[in-house]
Undergrad: 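Got a structure for you, written out below as structure tokens; questions coming shortly.
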Amino acid sequence: MKEAQHLKNTLKNTISSLVQECRNMRELKQIHTHILTCPNLSNNDQHFLITRLLYFCAISDWGSLTYAANVFRLINNPNTSVYNIMIRAYATKINGVDNTNSSCRSLILYKQMLCDGIAPDFLTFPFLVKECTMRLEGDTGRSIHAHAIKFGFDNDVFVGNSLISLYSVCGYLSCARKMFDEMSNGDVISWNSMIIGYLRRGELGKALELFRRMKKRNVITWNSIIVGFIQGGRPKEALEFFHEMQMVRDEMVRPDKITIASVLSACAYLGAIDHGKWVHGYLRRSGLECDVVIGTALVDMYGKCGCVEKAYEVFKDMPKRDTLAWTAMISVFALHGFCKEAFDLFEEMETLGAKPNHVTFVGLLSACAHSGLVEKGRWCFDMMRRAYSIEPQVYHYACMVDALARAGLFGEAEELIRGMPMEPDVFVWGALLGGCQMHRNVELGERVAQHLIDLEPLNYAFYVNFCDVYAKANRFDDVKRIRALMKEKGIKKEVPGCSMIEVDGVVHEFSVRGSPDVLMEEVVCILNGFSNMMKIEGFMLDHDRRIY
DNA sequence: CTAGGGTTAG
């Protein structure tokens with residue numbers, strides 16, 4: 001008798017391991033059949049094995065949510081765990097049975113669960129909350145929160161953390177903060193989620209305040225702060241945090257691939273080539289794998305820092321290149337006016353079978369615009385649709401208008417804008433206005449500038465452009481009129497424009513108002529020297545001595 | 001079971 005029980009247990013355990021080691025659906029279906037037809041399994045064992053099979057089928061990458069749904073349907077009395085598996089599967093797999101937005105399957109299942117009289121447990125709520133988070137359903141999330149309170153799981157740290165994340169993703173920051181403050185058992189994840197919530201909304205100060213108050217930070221805390229500052233337009237501080245991060249002696253805060261990729265993008269924004277090179281060296285020393293993401297970030301960093309050759313060197317050494325990598329290199333060529341190189345690379349990309357995307361064509365079109373190759377631009381604009389079925393987006397039109405307007409082809413540019421299937425944005429009009437200024441087309445420039453101001457009445461730059469149009473036509477009464485209008489509307493520059501450059505590893509900021517650590521007289525002197533050299537070389541200079 | 005990443009036009 002005991003012997004038989006032992007054998008049955010062995011059978012159950014063997015099948016269980018088979019399910020666990022299964023790596024494809026064909027095998028899993030065979031095992032499923034076996035479980036259903038095996039005469040030596042008790043009902044309990046069968047139920048256990050089906051649950052296990054359901055788990056792998058629903059959760060793992062090789063599984064099938066469709067099949068899992070069928071398995072689930074045939075389970076007689078699903079218990080909490082069975083429901084949890086399905087709710088989790090629906091909440092984590094966006095492209096499940098139905099990738100239409102027809103319904104929130106996991107929420108429907110939850111309702112069904114309650115109707116069946118099955119109580120949810122501490123695992124049910126994080127899944128449900130995640131579903132709401134992904135769908136940006138803040139209000140549904142609130143009802144789930146209410147249910148969590150009703151069933152007594154609102155004090156669970158996992159439930160609390162998912163709720164903080166839900167509220168901060170959906171923009172309910174005060175709800176997130178309330179949850180955060182009320183949690184007695186908050187952990188590093190609670191703090192990170194709250195910080196990320198503030199960063200997402202651009203409240204860097206509040207994020208920083210929490211960051212400073214944290215006792216224990218991990219690599220995600222640091223990465224979030226670094227990325228938050230980059231995206232908040234403060235890449236210099238991002239680099240400072242990276243520096244501070246390296247002072248921390250803790251296994252939990254060793255920079256990882258995400259840190260490296262983010263810091264490289266900060267260097268790219270700043271033109272901080274020395275920092276960038278140092279990070280490149282750090283990457284090699286660290287033993288971190290230089291994957292396609294980091295490779296792309298390196299290409300972009302070197303490119304934006306002006307080292308086209310170095311960017312190309314990194315690019316050529318990449319063992320694998322995806323669309324993004326090709327696009328980054330093409331854009332680097334475009335940025336520096338290497339139109340031929342950009343198109344040669346595009347050809348190579350095609351031959352090697354990588355698929356260009358809409359951004360690739362932004363690169364190619366801007367290469368044409370920057371090089372004054374209108375005809376090539378027209379051809380490219382046409383090709384992207386015909387040969388690649390990529391419908392031109394508003395930013396493709398902006399590139400094309402840029403190319404046409406620089407060439408002074410205003411009629412064609414306006415015609416293109418009129419024919420746009422979408423509403424032209426400020427970049428499209430801005431490109432047209434740029435051309436008007438270049439070619440002193442006051443009549444059109446006036447109209448376009450007025451239109452831009454109508455679109456964004458508070459944008460300081462458009463008023464300045466408007467003044468420029470008149471100034472170049474010596475219509476100073478009109479300049480005065482616009483200036484008065486600005487004063488009347490209270491249009492002021494929010495933050496003085498500034499640019500940054502790294503010299504010998506130090507990032508200097510400077511603006512027209514000057515800079516504490518840059519000698520402006522020297523800068524102006526050198527710039528004038530360049531202007532003169534370019535004049536001699538035959539570059540065009542306009543009346544304001546601006547070079548274009 | 002809960003938290004984080006790279007490319008583009010102006």
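These numbers come from the heavy atoms of this one structure, side chains and all, not from hydrogens, waters or symmetry mates. A, B, ... follow the sequence lines: proteins, then strands. Residue 1 opens every chain.
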Undergrad: Would you mind classifying the nucleic acid contact of A:D322 as base, sugar-phosphate or nothing, using non-hydrogen atoms under 4.0 angstrom?
TA: base

Undergrad: Just call it for A:D300: base, sugar-phosphate, or nothing, with non-hydrogen atoms closer than 4.0 Å on any strand.
TA: sugar-phosphate

Undergrad: Heavy atoms under 4.0 Å, any strand shown: does A:V292 hit a base, just sugar-phosphate, or nothing?
TA: base

Undergrad: Counting only heavy atoms and a strict 4.0 angstrom limit, can you tell me which residues of residues 190-222 of chain A come near DNA chain B?
TA: A:N192, A:S193, A:I196, A:R200, A:N218, A:I220

Undergrad: Per the side chain to side chain donor-acceptor pair (under 3.5 Å) rule, what does the pair list look like for residues 324-340 of chain A, sequence neighbours excluded?
TA: A:T327-A:T360, A:K340-A:D344

Undergrad: If you walk 5' to 3' along DNA chain B, what is the first nucleotide with an atom under 4.0 Å of a heavy atom in chain A, and what is the last?
TA: B:dC1 to B:dG10

Undergrad: Applying side chain to side chain donor-acceptor pair (under 3.5 Å), which residue pairs with at least one partner in residues 121-130 of chain A are found, sequence neighbours left out?
TA: A:N84-A:D121, A:N84-A:T124, A:D121-A:T124

Undergrad: Side chains of A:L128 and A:C132: does their closest heavy-atom pair fall under 4.5 Å?
TA: no

Undergrad: Kindly write out the residues that satisfy side-chain contact (heavy atoms from CB on, under 4.5 Å) with A:R177, not counting sequence neighbours, or none if the list is empty.
TA: A:F180, A:D181, A:M194, A:Y198, A:L210, A:R213

Undergrad: Tell me what A:D187 touches on the nucleic acid: a base, only sugar-phosphate, or nothing, going by heavy atoms under 4.0 Å.
TA: nothing

Undergrad: Near DNA chain B, counting only heavy atoms under 4.0 Å, which residues of residues 364-382 of chain A show up?
TA: A:S366, A:H370

Undergrad: Is there a side-chain contact between A:L345 and A:F338, using heavy atoms and a 4.5 Å cut-off?
TA: no

Undergrad: Can you sort out the partners of A:H396 under side chain to side chain donor-acceptor pair (under 3.5 Å), two or more places apart, ordered by chain and number?
TA: none

Undergrad: Walk me through whether A:Y55 and A:R88 qualify under side-chain hydrogen bond (donor to acceptor under 3.5 Å, both in side chains).
TA: CA-CA 10 Å; A:Y55 179 88; A:R88 175 183 177 186; 3.3 Å; yes

Undergrad: Are the aromatic ring centres of A:Y302 and A:Y312 under 6.0 angstrom apart?
TA: no

Undergrad: Among all residues two or more places apart in sequence or in another chain, which pass the side-chain contact (heavy atoms from CB on, under 4.5 Å) test with A:A403?
TA: A:A369

Undergrad: Which residues pass the side-chain contact (heavy atoms from CB on, under 4.5 Å) test with A:D250, not counting sequence neighbours?
TA: A:K216, A:V248, A:M252, A:V253

Undergrad: Can you list the residues that meet the side-chain contact (heavy atoms from CB on, under 4.5 Å) rule with A:I258, with sequence neighbours excluded?
TA: A:N223, A:D256, A:S262

Undergrad: In chain order, what residues pass the side chain to side chain donor-acceptor pair (under 3.5 Å) check against A:R52, with sequence neighbours excluded?
TA: A:S16, A:Q20

Undergrad: Students often get this wrong, so: under 4.0 angstrom with heavy atoms, is A:F361 touching a base, only sugar-phosphate, or nothing?
TA: nothing

Undergrad: Tell me whether the rings of A:Y172 and A:Y167 are parallel (<30°), tilted (30 to 60°) or perpendicular (>60°).
TA: parallel

Undergrad: Go through residues 152-177 of chain A and report each residue with a non-hydrogen atom lying under 4.0 Å from DNA chain B, sorted by number.
TA: A:F158, A:N161, A:S165

